[in-house]
> 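Just dropping this structure here.
To find a chain, count down the sequence lines: A is the first, B the second, and so on, and within it residues start at 1.
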2 protein chains.
Amino acid sequence: MNNSPNLYEPCPKHYVALDNIIFGFDEKELKILLIKRSFEPEKGNWSLMGGFLKDEEGVDEAATRVLYELTGLRNVFVEQLHTYGAIHRDPVARTVSVAYYALIRVNDYDTELGKKYGARWFPIHNYPSLIFDHPQMVQDALDRLRSKTRTQPIGFELLPEKFTIPQLRHLYEAIHNQVYDPRNFSRKLNSMKLLIQLHEKDKENSKKGAYLYKFDPNRYKMLLSQGFSFEL
Amino acid sequence: MNNSPNLYEPCPKHYVALDNIIFGFDEKELKILLIKRSFEPEKGNWSLMGGFLKDEEGVDEAATRVLYELTGLRNVFVEQLHTYGAIHRDPVARTVSVAYYALIRVNDYDTELGKKYGARWFPIHNYPSLIFDHPQMVQDALDRLRSKTRTQPIGFELLPEKFTIPQLRHLYEAIHNQVYDPRNFSRKLNSMKLLIQLHEKDKENSKKGAYLYKFDPNRYKMLLSQGFSFEL
DNA sequence: GCCAATAAACGTCATAATGACATTTATTTT
DNA sequence: AAAATAAATGTCATTATGACGTTTATTGGC
């Protein structure tokens with residue numbers, strides 16, 4: 001970017017940071033990926049994965065980059081959450097942080113890369129105290145995830161490509177912290193006709209085995225155009 | 001703010017702007033308040049009301065300030081919408097803009113103050129072309145308003161304190177661009193018991209006159225705590 | 001003073017969606 | 001062959017929804 005004078009010159013500039021709330025689902029629990037901060041202040045304390053906005057990248061790109069640096073993942077669900085701009089939110093210097101949340105499949109995640117940052121998964125209901133306003137960010141992200149999964153089929157981003165109805169139900173139970181009646185839950189899903197039933201079963205969790213399904217994004221688009229609205 | 005060196009020093013700083021999408025409701029139409037840009041580039045073209053983030057204010061405060069400068073209003077509904085950070089979104093200089101949307105009562109709005117900025121109300125379905133990425137911001141704000149009014153009782157912020165059921169229905173029709181059956185609409189509202197019926201009628205729009213109501217925020221809080229969820 | 005015009009208020013019925021609940025089925029392990 | 005496990009499925013009563021027409025209160029014109 002050029003640094004020639006411009007008519008915004010009298011206005012102050014600010015550090016702009018990105019922070020990512022990274023959700024995963026494992027062992028019937030909703031989890032977030034946290035890192036150990038490697039510099040002062042708050043060195044050694046738990047933190048969201050973040051970084052600073054560079055001149056040559058857009059804000060969305062920057063968030064994606066930061067996510068990639070930690071997880072090695074691209075093309076995952078990432079959405080802007082909120083921008084945090086209280087004056088003293090960061091004690092080092094006045095910084096505006098744009099937070100994003102990401103939904104990833106824990107098995108796709110690059111564990112080796114994570115080690116570099118001292119990354120660890122924590123259950124959403126049992127994570128350590130976090131620096132700055134990161135607890136607020138996590139809470140807001142969880143709220144968003146809850147409201148968004150009710151009306152948009154994004155939960156699938158947290159499951160393997162092939163999943164069972166009971167797995168999906170457990171995911172929703174973890175996200176919304178409530179139990180769903182198995183019969184009513186699968187009735188609702190079947191009625192939406194968004195899932196393709198495969199001719200395979202998953203026998204990890206039961207002797208009988210549960211049918212595997214795939215989410216059908218094309219069908220979803222088609223239904224959307226007909227005025228369908230997802231709701232769970 | 002002090003300018004002493006800190007460990008973020010190597011990171012680039014950026015201009016941070018605020019933009020407000022200001023909604024109003026008048027003559028059965030949803031409207032937005034736009035101003036005429038007073039400097040180059042794009043001087044004389046229509047724009048959202050915006051400003052730059054100062055060192056001594058939080059981002060939310062800054063948005064509130066900018067809104068106040070144009071409308072003279074405080075204590076109105078304002079909510080952060082989204083942060084726009086594409087590199088070249090502003091041709092003058094790289095600027096990250098945090099957009100907010102506000103819901104105001106058009107009669108409370110200070111017309112004199114507006115003149116200073118060349119402000120004018122435009123129907124949401126018929127406004128002039130806007131600078132930069134402001135059209136995207138307006139579209140996003142409208143989408144947000146639509147989804148938010150479905151599940152939260154914020155529409156009242158656009159009506160006078162006392163309003164009639166038909167007025168409220170017209171508001172929803174304007175926001176969602178569809179017609180609602182008057183009987184079903186008022187049945188739904190009555191069933192929620194969120195409105196206090198007053199012993200006055202509004203005779204502006206009919207010979208019979210329509211009862212005036214007030215939204216009851218305390219009752220809403222009470223119901224919320226009992227697991228009630230608003231939906232229209 | 002009566003009639004016409006206006007928009008508000010209100011009720012019913014058929015259909016669809018929801019929530020609550022128990023049994024049967026396929027398979028593996030002992 | 002029996003026990004254990006979790007998956008799959010059906011019914012019924014209740015509630016919410018969408019579609020529809022008539023009556024009511026009031027004003028203004030004749």
> Does either side chain, that of B:Tyr101 or that of B:Asp140, offer a donor lying less than 3.5 Å from an acceptor on the other one?
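Judged by distance alone, the side chains do not pair up.
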> Give the angle between the helix axes at the two ends of the helix from C:dG1-D:dC30 to C:dT30-D:dA1, taking five base pairs at each end and rounding to 10°.
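One end axis against the other gives 0°.
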> Can you list the steps and then say if B:Lys148 with B:Glu79 is a salt bridge (Lys or Arg N to Asp or Glu O under 4.0 Å)?
CA-CA 11 Å; B:Lys148 195 102 177 170; B:Glu79 188 178 83; 2.9 Å; yes
> Counting only non-hydrogen atoms, which of residues 182-193 of chain B are less than 4.0 Å from DNA chain D?
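Those residues are B:Arg183, B:Asn184, B:Arg187, B:Lys188.
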> Using a heavy-atom cut-off of 4.0 Å to chain B, what are the terminal contacting nucleotides of DNA chain D, in 5' to 3' order?
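For DNA chain D, the relevant span reads D:dT17 to D:dT27.
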> Contact boundaries of DNA chain C with chain B (under 4.0 Å, heavy atoms), 5' to 3'?
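Using the under 4.0 Å cut-off, the span is C:dA5 to C:dT12.
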> Counting C-beta onward and ignoring hydrogens, is there a side-chain heavy-atom pair between B:Tyr172 and B:Leu168 closer than 4.5 Å?
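They are in side-chain contact.
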> For A:Arg105 and A:Leu158, indicate whether the former's side chain and the latter's backbone hold a donor-acceptor pair under 3.5 Å.
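No, because the side chain of A:Arg105 does not come within donor-acceptor range (under 3.5 Å) of the backbone of A:Leu158.
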> By a strict heavy-atom criterion of less than 4.0 Å, which residues belonging to residues 200-210 of chain B are in contact with DNA chain D?
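By residue number: B:Lys203, B:Lys207, B:Lys208.
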> Do the side chain of B:Gln197 and the main chain of B:Leu212 share a donor and acceptor less than 3.5 angstrom apart?
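No; judged by distance alone, with no hydrogens or angles, the pair does not exist.
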> Please work out whether the ring planes of B:Phe215 and B:Tyr220 are parallel, tilted or perpendicular, with thresholds of 30° and 60°.
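B:Phe215 vs B:Tyr220 ring planes: tilted.
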> Are the side chains of A:Leu70 and A:Leu113 in contact, using a 4.5 Å heavy-atom criterion?
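Side-chain contact under 4.5 Å: no.
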> With a 4.0 Å cut-off on N to O distance, would you call B:Arg65 and B:Glu61 a salt bridge?
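Salt bridge: no.
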> So, do B:Ser97 and B:Met137 sit near enough that their side-chain heavy atoms are less than 4.5 Å apart?
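Heavy-atom side-chain distance check passes, below 4.5 Å.
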> For A:Glu231 and for B:Thr164, find the nucleotide of DNA chain C with the closest heavy atom, then tell me which residue's nucleotide is more 5'.
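On the 5' side of the pair lies B:Thr164.
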> Could you check if a side-chain atom of B:Leu232 sits within less than 4.5 angstrom of a side-chain atom of B:Arg150, using non-hydrogen atoms only?
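Side-chain contact under 4.5 Å: no.
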> Are A:Glu231 and A:Lys188 close enough for a salt bridge, meaning some N to O gap below 4.0 Å?
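Judged by the 4.0 Å cut-off on N to carboxylate O distance, A:Glu231 and A:Lys188 do not form a salt bridge.
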> Between the side chains of B:Asp60 and B:Tyr100, is a donor N or O closer than 3.5 angstrom to an acceptor N or O?
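B:Asp60 vs B:Tyr100: donor-acceptor pair found between side chains.
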> For B:Lys116, look at atom NZ and say whether over 12 heavy atoms of other residues, nucleotides or ligands are found less than 6.0 Å away.
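No, the 6.0 Å shell around NZ holds no more than 12 heavy atoms from other groups.
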> Per the ring-ring contact (aromatic ring centres under 6.0 Å, His included) rule, which among A:Tyr109, A:Tyr127, A:Trp46 passes with A:Trp121?
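Testing A:Trp121 for a ring-ring contact (aromatic ring centres under 6.0 Å, His included) against A:Tyr109, A:Tyr127, A:Trp46 leaves exactly one candidate, A:Tyr109.
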> Among residues at least two apart in sequence or on other chains, which ones pass side chain to side chain contact (heavy atoms under 4.5 Å, CB included) with B:Ser206?
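In terms of side chain to side chain contact (heavy atoms under 4.5 Å, CB included), with neighbours along the sequence ignored, B:Ser206 is linked to B:Lys208.
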